[in-house]
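Counting begins at 1 with the first residue of the sequence. Note that this is a predicted model, so its numbers are computed, not measured.
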Amino acid sequence: MRAALAGTTGNAVLMGVAEVGTPIGWVLLPGLLGVSARPRAAALVSAWAGVLVVASVLLPVIPGHRTDPQALLASAVSLSAVPLLAWARRRTRTASVTRAAGPPDVAVFTVPAGPGSAALAVCGSPGEIGAAVPLRGGGLLALIGTVTGAALDTPAGRRAVEQTFRRHAGLAASPQRLAGVLDQAVRDLAPAGHLRATIVRVDRSGAVEAVRCGSPDLITVSGDRSDLAEVPAGPALGSTRPAGSTARAGSTSPGGDATPSPVTGRRVAVVGAAFADAHGERWVRVLDQVAADDDPAGAARRLTRGPRGGRRIGPALVVDPGPPSRA
């Protein structure tokens, strides 16, 4: 936001010094900065640009913007349209995420994933991190994880991690780069905290790849059989590791050096570390439920059931990627 306001101010100064009188010179940069931001930020940028336009007309020491009523009207219309365009862009990007039916203690969201679809279930479990970002062309990036640490396991800390993921996922970043970004974000937010997470990417053809950072295994379904996906486990993200965790052979270091592993199967499921912690040694057998429902939303809801009917455990991600493209 500060950069956008500073850029708008600098653009106005430059236009004034250069004695540029056309409205597009005063509006183009603020418009680009506003459209690329959130709707509220876009409205603030447009309002500030409007103030600078008016100042250039009222103050004779600032040469520049025309006092021609038509030019001022063109600038006003352009700046007014910027927040609307930003809202439309955000609306288009999130319109593909829909809320599915479910019990009151679990929220299930469905989203396209290549030729198929995916479902993300969140329950408000302690330390729960869950985010899914649709990509242009029908792809998907999703984050499933659990945070630990007094400074990180707070509403503000969890929200900051999810917002960091969404902000960089919108740039179509690769899973390994996102792992590096999140690792640095956790270190900055909580020096004594960590994030156990799996990052999943589904491309437009339906191909699935994932990076694991201190999290449980992924599950794949072929026919009616569920198996552990062979995705190497790396250490948790952040400056500390969870107690008792060790890096297996082939594991990767946090910081973006991980190589995503391909995941194949009719269905792919990912659960947070809290799932394994709650179910103990039975957690692998519990994951046989992944194949029990025809739609991914039902499977995601089923995975959030707590042991012996206890409190629901999230997050859970279920992906039906559809047949991969052979082009």
Shared ILVMFWY cluster between [X] and [Y], side chains joined below 4.5 angstrom?
X	Y	result
V133	V108	no
V263	V202	yes
V106	L303	no

Give every donor-acceptor pair under 3.5 Å between a side-chain atom in residues 138-147 and any protein atom, sequence neighbours left out.
| from | atom 1 | to | atom 2 | distance (Å) |
| --- | --- | --- | --- | --- |
| T146 | OG1 | A273 | N | 3.3 |

- Message: Do the side chains of D153 and R158 get close enough for a salt bridge, i.e. N-O under 4.0 angstrom?
- Response: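 Result for this pair is yes, salt bridge flagged.
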
Measure the spacing between [atom1] of [X] and [atom2] of [Y] and express it to the nearest 0.5 Å.
X	Y	atom1	atom2	value
S261	E209	OG	CD	9.0 Å
D295	T110	CG	OG1	9.0 Å
H168	S174	NE2	OG	12.5 Å
D188	D183	CG	CG	9.5 Å
D105	R311	CG	CZ	9.0 Å
R177	L182	CZ	CG	10.5 Å

Can you give each donor-acceptor pair under 3.5 Å made by side-chain atoms of residues 120-131, sequence neighbours left out, with the distance rounded to 0.1 Å?
| from | atom 1 | to | atom 2 | distance (Å) |
| --- | --- | --- | --- | --- |
| S125 | OG | R312 | O | 3.4 |
| S125 | OG | G314 | N | 2.9 |
| E128 | OE1 | C123 | N | 3.1 |
| E128 | OE1 | G124 | N | 2.7 |
| E128 | OE2 | C123 | N | 2.9 |

- Task: List the atom of L152, the atom of A190, and the distance in Å for their closest heavy-atom pair.
- Result: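 Scanning both residues, the minimum pair turns out to be CB-CB, 3.8 Å.
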
- Query: Are any side-chain N or O atoms of R187 and backbone N or O atoms of G238, one a donor and one an acceptor, separated by less than 3.5 Å?
  - Reply: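 Such a contact is found between R187 side chain and G238 backbone.
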
- Between T304 (side chain) and R301 (backbone), is there a donor-acceptor pair under 3.5 Å?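 Yes: the side chain of T304 pairs with the backbone of R301.
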
- Test side chain to side chain contact (heavy atoms under 4.5 Å, CB included) applied to V200 and V268, step by step: CA-CA 10 Å; V200 179; V268 178; 5.6 Å; no

- Message: Tell me if the CZ atom of R204 is crowded by more than 12 foreign heavy atoms within 6.0 Å.
- Response: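 Not more than 12 within 6.0 Å, no.
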
- Taking the side chain as C-beta and beyond, is there a heavy-atom pair between I313 and H279 under 4.5 Å?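 In short, these two side chains touch, coming nearer than 4.5 Å.
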
